[in-house]
Amino acid sequence: MYDHKSIEVKWQKYWEENNLFKADDRNTTKPKYYALDMFPYPSGAGLHVGHPEGYTATDIISRYKRMNGYNVLHPMGWDAFGLPAENYAIKMGTPPEETTNKNIATFTSQIKSLGFSYDWDREINTSSPDYYKWTQWFFLFLYKNGLAYKKNAPVNWCNSCQTVLANEQVVNGECERCQSEVEQKNMNQWFFKITEFIEDNGETSGLISGLDKIDWPESTKISQRNWIGKSEGAEVDFKIDDFDENMRVFTTRPDTLFGATYMVLAPEHSLVQKVTTEEQRAEVEKYVNETKKKTDLQRQEDEKEKTGVFTGGYAINPVNGEKLPIWIADYVLMGYGTGAIMAVPAHDERDHDFAQKFGLEIIDVIGDMEDRFQKTGGVMKNSQFLDGLGIDDAIQKMIEWLEENNCGERKTTYRLRDWLVSRQRFWGAPIPIIYCDDCGEVPVPEADLPVTLPTDVDFKPTGESPLVGSKTFHDVTCPKCNKAAKCESDTMDTFVCSSWYYFRFVDANNNQEIAAKELLNKWMPVDLYVGGAEHTVLHLLYSRFFTKALHKFGYISCDEPFMKLRHQGMILAEDGRKMSKSLGNVINPDDVVNEYGADTLRMYEMFMGPFDQSVSWNTKGTEGIYRFLQRIHRLYEEIDFTKCDCKKGDCSDAPKGMPQMLHKTIKKVTEDIENFRFNTAISQMMIFINHVSKEGTMPKPAAEIFLKLLSPFAPHIAEELWEKIGHTDSIGKEEWPKYVEALTIDDEIELVIQVNGKLRDKFNVSKDIPKEDAIAQAKELEKIQNFLEGKKVIKEIFVPGKLVNLVVK
RNA sequence: GCCGAAGUGGCGGAAUUGGUAGACGCGCGCGACUCAAAAUCGCGUUUCGCAAGAAGUGAGGGUUCGAUUCCCUCCUUCGGCACCA
C-alpha cells in the first residue's frame with residue numbers, strides 16, 4: 001500500500017541526517033549551478049499553493065542537475081521586513097519581530113513538508129541583525145561611492161501608511177498596499193542613483209544593454225525597457241520675449257520645430273510667475289492652485305478633456321523668430337524632460353486636442369503621411385532648410401543646426417528616476433547615517449554595524465519614523481567628534497533588503513564581510529531564477545542595479561545577477577477567480593499534503609498546465625496524480641523481475657517495444673526538464689507506466705531508470721521504491737539516465753495515406769520503406785482505390801516515415 | 001490609447017524546420033470483479049450521421065499537394081503601462 005505519510009517523513013529525515021543537499025564551497029571539480037527561488041514574504045496567511053509551484057520547478061532542476069554531476073546551490077530564506085507585521089503591531093501591540101518569527105516558523109515547517117532539496121545551512125532572514133548589518137553595509141558602500149544621496153524632493157506620500165512610496169509602488173495614483181490616495185509632498189529623503197547605470201558605465205554593462213545577454217522572458221525584458229523609458233531627441237532653448245531668459249524644452253521631434261505654434265509650461269514650472277502678465281495673473285494663479293489640489297488620480301480622470309490657461313507671455317522660435325504664446329497646462333508634467341514643451345499640434349495628438357479646444361494655430365510641416373501623429377513616412381514641408389527631407393534625416397539636420405547656432409543640443413531622456421529608499425517606518429533596516437551639528441552627515445563606521453532596531457518603541461504612525469520616539473535609538477554620539485548627535489530615524493525600503501540577498505546565500509554565515517570574494521566569484525551569477533511575474537520591474541531592476549554597482553567597484557566579476565529567469569503562472573481557485581480569504585476559495589497546501597502527500601502536490605502543480613501560464617486549481621486533478629503514484633507503487637510491488645529476460649542495462653534487447661518506450665521516455669523527460677515543460681514530461685511518464693501495466697512486465701533496468709526519471713518530481717516515492725527494489729543508497733546520488741537516439745525510433749511506423757491532403761487510410765510498415773514501394777502499396781489499398789476511381793493522379797508526395805499524399809483530379 | 005501574452009472537445013491541456021488535430025489527465029458512459037459499494041481493471045468518449053462520409057483548432061481571406069503551425073484583415077480575453085513631449 002502507498003502510505004505517503006510515513007514514506008515522506010522517513011525520507012525527509014533521511015535526507016536531512018545524511019546532509020544530501022549541501023552546496024559544496026570547496027569542490028573544484030564539479031561545475032556549479034545556482035538555482036534560486038524568489039524568497040517569500042512570510043505572511044500570516046501561511047504558504048499559498050502558488051509558492052510551491054516555483055519551488056517545485058527549481059527543486060526538479062536542482063535534483064536533476066545534481067544527478068548530472070553539478071555542484072548545486074539551492075537555498076531558501078525570508079524576506080521578512082515589511083508593513084503587515086508592523087500594522088499588526090499597531091493593532092495588537094505584538095512586536096513585529098515576534099509576529100515575523102512565528103510566521104517564519106510556520107513557513108519553514110510547511111516548506112519542509114514538501115521535500116525540497118534546500119541547503120538549510122544558508123537560510124537567511126532579512127529582519128535579523130546578522131542580515132541587515134549587511135544591508136546597512138550595502139547602503140554605506142553605495143554612499144561612499146556617490147551612489148546614495150539625500151535631497152529634498154517631492155515624494156509620493158501615503159497618508160494611510162504614513163510613509164513615502166517609490167514611484168513603482170504607486171498604482172493608479174493609489175498606494176499599492178492600502179489603495180488609499182497618494183499625495184505629493186516635499187521631504188528630505190535618501191535616494192539611490194540607479195540612473196547611473198541605465199547606459200553602460202565603464203566596463204559595466206548598463207540596465208538597457210545588459211538585457212541582451214540574459215535569458216529572460218522577452219515580455220519581461222520589454223517591460224524593463226519600457227520602465228526605463230529611453231527617449232532620444234533634443235533640448236531646445238526658446239528666448240522669452242521681453243526677458244533675457246530662456247525657456248528650455250525637450251522634444252523627440254526637433255524636425256517639427258517649424259510647426260510649433262505655442263508653448264506649454266507645467267503649472268509647477270519655476271518660469272510661470274515670470275512670464276505671466278498682469279492681465280492674466282489672476283487666472284493663471286487660479287489654475288496653478290487647482291492643479292496643486294488635484295491628485296494624480298484626478299488628473300488621470302480628466303485625461304480626455306485638456307485644460308490650460310494662457311500666461312500672456314511669448315517665446316521666440318529660434319528657427320524662424322515667430323512669437324509663440326506661452327500657456328500652462330497640466331498635461332505637461334514637471335517630472336519629465338524639462339517640464340516644458342513646444343507644441344506642434346499638426347503632428348502631436350495631445351497638442352492637437354489642446355489647439356483645437358483653444359483655437360490655436362495648426363501648421364503642417366510634413367506631407368504625404370498615412371498618420372500625421374506617427375513618426376513614419378512623410379516628407380518635410382513649410383520648413384525652410386528641412387524641406388524635402390525624410391523625418392529621420394530632418395531630425396539629424398535640425399539637431400546639427402541647433403548645436404551650430406547655440407540654441408539647443410542632442411539629448412536623451414529617461415522615464416526612470418533615482419530610487420527613493422527612505423521609509424518612515426519601524427520594521428525595516430535602519431539607515432546607518434548620523435547627523436552631527438558640527439560634522440554634518442556622518443556614515444556610521446562599519447565596525448559599529450549593525451545599527452539595531454530598538455525595543456522601546458511606540459508603533460502608532462505619526463508621519464515620522466517610530467524610531468524618532470526611541471530614546472535609546474535616536475540619541476547617539478558623533479563618530480567623528482564624539483559630540484551628541486542624532487541617528488537617522490528612517491528605515492530602508494524593503495526592496496533594498498531583497499535586492500542583494502542572493503549574494504548573501506553564497507556565504508550566509510560570514511560575519512566579516514558581505515560574502516567572501518572567492519565565493520561570490522564561485523557561485524555568482526545565479527544560473528536559474530524562478531518567481532512570479534509581478535516582480536518584473538521593481539525587484540528585478542533594483543537587483544540588476546545592485547549587481548552593476550558591485551561590479552563597477554570590483555567586488556564581483558559578473559554584471560548581471562540572473563542569467564536565466566522564468567516566471568510561474570498564477571494558480572487560480574477552482575472557480576477561476578483569484579484565491580482569497582473573503583471568497584472562501586483558498587486551497588491550503590497543508591491539506592493537500594495531508595490527504596495526498598507532498599509528491600502528489602508537487603507533481604500536480606507541475607502537471608496542471610504550462611509552467612508560465614495561469615490555471616485554475618482542480619481537486620479532481622490532484623486525485624488523478626495521486627492515482628498515478630499509487631499505480632506506480634502497486635506496479636513495483638507486484639512486478640516480478642525474474643521474468644525479465646533482457647541482459648543489457650539499457651534494455652536494448654528487451655522485447656515488445658520496451659526499448660523504444662524506455663528511451664523515448666528518457667529523451668522526452670530530459671528535454672522537457674531542460675525546457676521547463678514539466679507537464680509533458682509527466683504525461684510521458686504516464687504513457688510509460690500505462691505501457692508497462694499493459695504488458696504486465698518490465699525489465700529491472702527499465703524499472704530503475706524510470707525511478708531515476710521520476711525522482712526529481714516525486715522524490716519521496718522514488719526513494720522508497722528504489723530501496724524496495726534492492727538499493728541501499730539514495731537515488732539522488734545516481735547518475736541521470738542517458739538515452740540512445742537510435743532506440744527512440746520505432747522500427748515499424750504507421751504510414752498515413754492521404755488523397756488530396758485528406759487522411760484516407762494508413763498501414764503499418766517498416767520505417768525505411770522507399771518512396772516507390774510506399775506509393776505502390778498505397779495505391780493497392782481498397783479504400784484508396786475508391787478515391788482514385790475515374791481520376792488521374794497528378795502528383796505523388798512522400799514524406800519518409802510519415803505519409804503518402806496522392807493528388808488527384 | 002500603447003506594449004505584451006493568449007484563443008484548440010464537457011474541463012486542464014498536447015501537437016508548430018507546415019505532414020494522422022485532440023497525446024496525457026479530469027469528467028462522463030458501458031462492462032468486468034463484488035451480496036453490495038468503494039477501490040481496481042477493460043472498452044468507449046470532438047460534433048453531425050445507422051453507415052459511407054462530412055464538418056472542425058476565435059472570425060474572414062490568402063499561400064500550399066497539405067495550415068492549429070506561415071501571411072493579411074478583424075474580434076475576444078487576460079496581464080502591464082498610461083497625457084513621458
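Chain letters run A, B, ... following the sequence lines, proteins first and then strands; every chain starts at 1.
- The minimum heavy-atom distance linking A/F373 with A/A346 is given by the pair CE2-O, 3.8 Å.
- A/L803 comes within contact range of at least one nucleobase, with a heavy-atom separation under 4.0 Å.
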Footprint string (nucleotides 44-58 of chain B, 5' to 3'): B base within contact, S backbone only, - free, heavy atoms under 4.0 Å: ----------SS---
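- Distance check on atom C1': B/G58 versus B/C65 gives 27 Å, rounded to whole Å.
- B/G79 and B/C83: their C1' atoms are spaced 22 Å apart (whole Å).
- Across all strands, A/K620 comes closer than 4.0 Å only to sugar-phosphate atoms, never to a base (heavy-atom distances).
- B/A15 sits 13 Å from B/A6 when the P atoms are compared, rounded to a whole Å.
- In this structure, A/R544 and A/W216 approach most closely via the heavy-atom pair CD-CH2, 3.5 Å.
- If you check every strand for non-hydrogen atoms under 4.0 Å, A/N679 touches sugar and phosphate atoms only.
- Considering only the side chain of A/R415, B/C81 comes nearest among B/C65, B/C81, B/G13.
- Between A/I399 and A/A234, the shortest heavy-atom distance links the atoms CG1-CB, 4.0 Å.
- The gap from the C1' atom of B/C30 to that of B/C24 amounts to 22 Å, rounded to the nearest Å.
- Residue pairs meeting the salt bridge (Lys or Arg N to Asp or Glu O under 4.0 Å) criterion with at least one partner in residues 250-265 of chain A, sequence neighbours excluded, are A/R253-A/D255.
- Across all strands shown, A/Q754 has heavy atoms under 4.0 Å from base atoms, whether or not it also approaches the sugar-phosphate.
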For nucleotides 8-12 of chain B, print each protein N/O atom paired with a nucleotide N/O atom at under 3.5 Å, atom names and distance only.
residue: B/G12; atom: O2'; partner: A/M608; partner atom: O; Å: 2.5

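- Among pairs with a residue in residues 757-779 of chain A, those fulfilling side chain to side chain donor-acceptor pair (under 3.5 Å) read A/K779-A/E796, at least two apart in sequence or across chains.
- Across all strands shown, A/V807 has heavy atoms under 4.0 Å from sugar-phosphate atoms exclusively, and none from any base.
- For A/R350, the salt bridge (charged side-chain N to carboxylate O under 4.0 Å, His left out) criterion is met by A/D348, not counting sequence neighbours.
- Below the 3.5 angstrom threshold, one finds a donor paired with an acceptor across the side chain of A/E750 and the base of B/U20.
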Name every donor-acceptor pair, under 3.5 Å, that has one atom in a side chain of residues 673-682 of chain A and the other anywhere in the protein, sequence neighbours excluded.
residue: A/E674; atom: OE2; partner: A/Y64; partner atom: OH; Å: 2.6
residue: A/N675; atom: ND2; partner: A/E671; partner atom: O; Å: 2.9
residue: A/R677; atom: NE; partner: A/D672; partner atom: OD1; Å: 3.2
residue: A/R677; atom: NH2; partner: A/D672; partner atom: OD1; Å: 3.3
residue: A/T680; atom: OG1; partner: A/D672; partner atom: OD2; Å: 2.8
residue: A/T680; atom: OG1; partner: A/R677; partner atom: O; Å: 3.2

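- The side chain of A/S231 contributes an N or O atom lying less than 4.0 Å from OP1 or OP2 of B/A85.
- Within the structure, every side-chain polar atom (N or O) of A/K802 is placed at least 4.0 Å from both OP1 and OP2 of B/G19.
- Residue contacts for A/I687: at a heavy-atom cut-off of 4.0 Å it reaches the sugar-phosphate backbone alone, with no base atom in range.
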Could you list the protein-to-nucleotides 70-74 of chain B atom pairs, N/O on both sides, closer than 3.5 Å?
none

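- Of the candidates B/C24, B/G19, B/C83, the closest approach to any side-chain atom of A/K306 belongs to B/C83.
- A distance of about 11 Å separates the P atoms of B/G56 and B/A67, rounded to the whole Å.
- Here the closest heavy-atom approach between residue A/V272 and residue A/P267 is recorded as CG2-O, 3.8 Å.
- Applying the salt bridge (charged side-chain N to carboxylate O under 4.0 Å, His left out) rule to A/D612 yields no partners; only residues at least two apart in sequence or on another chain are considered.
- Comment: A/K667 engages A/E741 in a salt bridge, judged by a side-chain N to carboxylate O separation of less than 4.0 angstrom.
- For RNA chain B, runs of at least 3 consecutive pairs of the Watson-Crick or G-U wobble type, with both hydrogen-bonding distances under 3.5 angstrom, map to B:1-7 with B:75-81, B:10-12 with B:24-26, B:27-32 with B:40-45, B:46-48 with B:53-55, B:58-62 with B:70-74.
- Taking the P atom of each, B/U76 and B/A82 are spaced 24 Å apart, rounded to whole Å.
- Residues that satisfy the salt bridge (charged side-chain N to carboxylate O under 4.0 Å, His left out) test with A/E409, not counting sequence neighbours, are A/R248.
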Could you list the donor-acceptor pairs under 3.5 angstrom formed by side chains in residues 601-608 of chain A, with sequence neighbours left out?
residue: A/R602; atom: NE; partner: A/F713; partner atom: O; Å: 2.9
residue: A/R602; atom: NH1; partner: A/D59; partner atom: OD2; Å: 3.0
residue: A/R602; atom: NH1; partner: A/L114; partner atom: O; Å: 3.1
residue: A/R602; atom: NH1; partner: A/G115; partner atom: O; Å: 3.1
residue: A/R602; atom: NH2; partner: A/D59; partner atom: OD2; Å: 2.8
residue: A/R602; atom: NH2; partner: A/P712; partner atom: O; Å: 2.9
residue: A/Y604; atom: OH; partner: A/N618; partner atom: N; Å: 3.0
residue: A/Y604; atom: OH; partner: A/N618; partner atom: O; Å: 3.3
residue: A/E605; atom: OE1; partner: A/E53; partner atom: N; Å: 3.0

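- The aromatic rings of A/F358 and A/F354 sit tilted relative to each other, their planes meeting at an angle between 30° and 60°.
- Using modelled atom types and a 3.5 Å distance limit, the side chains of A/Q630 and A/Y596 yield no donor-acceptor pair.
- Looking at heavy-atom distances under 4.0 Å, A/S219 makes contact with sugar-phosphate atoms alone, never a base.
- Among the protein residues, A/G229 comes within range of no part of the nucleic acid, since none of its heavy atoms lies under 4.0 Å from any strand.
- Take the nearest nucleotide of RNA chain B for A/K694 and for A/M686: the residue whose nucleotide is more 5' is A/M686.
- As judged by a 4.0 angstrom heavy-atom cut-off over every strand, A/N690 is placed among residues touching the sugar-phosphate backbone only.
- Taking both residues in full, the closest heavy atoms of A/Y626 and A/H4 are given as OH-ND1, 3.3 Å, listed atom of the first, atom of the second, then distance.
- Partners of A/K375 by salt bridge (charged side-chain N to carboxylate O under 4.0 Å, His left out), not counting sequence neighbours: none found.
- Taking side-chain N and O atoms only, A/R627 has a distance below 4.0 Å to OP1 or OP2 of B/G27.
- Applying the 4.0 Å criterion to OP1 and OP2 of B/C84, one finds that A/R350 has a side-chain N or O inside that range.
- Between B/C75 and B/G60, the two P atoms lie 15 Å apart (nearest whole Å).
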